[in-house]
Amino acid sequence: MKKIEAIIKPFKLDEVKDALHEIGLQGITVTEAKGFGRQRGHTELYRGAEYVVDFLPKVKIEVVLDDTLLERALEAIQQAAQTGRIGDGKIFVTTVEEVIRIRTGERGRDAI
């Protein structure tokens, strides 16, 4: 099993959610986040004063899935989240040792 963590632009969330649903993924976890990468934020003008926005709004999506769906899920996220502009985000993939459904006690793939 694998865990995908994707950091994306907030306005792309619905597109990514729909793309994951189309390939058969049922559950995702979404967290609002703030951060910056190479762009280091940006400068904005407010009431005539210039200020630096260090942390940009992002959304973190987490999905645990079977290895057989991994490549399709990565492709779906990348295509749905891509704008072609700086700050599109990143995707991280890690191995999941065990999953347990609390309600039923199911383990492994059955718990996903």
Checklist entry - How would you list, by chain and number, every residue that makes a salt bridge (charged side-chain N to carboxylate O under 4.0 Å, His left out) with E98, sequence neighbours excluded? => result R107

Please round to the nearest 0.5 Å and tell me the distance separating atom [atom1] of [X] and atom [atom2] of [Y].
X    : Y    : atom1 : atom2 : value
K60  : I8   : NZ    : CD1   : 13.0 Å
E32  : L13  : CD    : CG    : 9.5 Å
K58  : K90  : NZ    : NZ    : 9.0 Å
L65  : I23  : CG    : CD1   : 7.5 Å
E106 : I112 : CD    : CD1   : 11.0 Å
T83  : E15  : OG1   : CD    : 10.0 Å

Under a single-linkage definition using a 4.5 Å side-chain heavy-atom cutoff for Ile, Leu, Val, Met, Phe, Trp and Tyr, are [X] and [Y] assigned to the same hydrophobic cluster?
X   : Y   : result
V93 : L20 : yes
F92 : L25 : no
V16 : I7  : no

Checklist entry - Between R72 and E75, is the closest basic N to carboxylate O distance under 4.0 Å? => result no

Next on the checklist: Less than 4.5 Å apart, side chain to side chain, heavy atoms only: is that true for L70 and I4?
Outcome noted: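 Heavy-atom side-chain distance check passes, below 4.5 Å.
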
Item to check | Side-chain touch D88/K9, heavy atoms, less than 4.5 angstrom | outcome: yes

Item to check | Full working for side-chain contact (heavy atoms from CB on, under 4.5 Å) between I91 and L74 | outcome: CA-CA 8 Å; I91 301 172; L74 292 174; 3.5 Å; yes

Next on the checklist: Pairing donors with acceptors under 3.5 angstrom, does anything connect the side chains of T95 and K2?
Outcome noted: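 Yes, side-chain donor-acceptor contact under 3.5 Å.
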
Checklist entry - Shortest non-hydrogen contact from P10 to P57? => result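 Of all heavy-atom pairs spanning P10 and P57, the closest is CD-O, 3.4 Å.
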
Checklist entry - Who pairs with K3 by side-chain contact (heavy atoms from CB on, under 4.5 Å), at least two apart in sequence or on another chain? => result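 Residues passing side-chain contact (heavy atoms from CB on, under 4.5 Å) with K3: E5, E62, V64, T94, V96.
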
Item to check | Criterion side-chain contact (heavy atoms from CB on, under 4.5 Å) against K17, the qualifying member of I28, V30, I61 | outcome: I28

Next on the checklist: Main chain of M1, side chain of D66: is a donor-acceptor contact present, judged purely on distance under 3.5 Å?
Outcome noted: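 A pair under 3.5 Å: no.
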
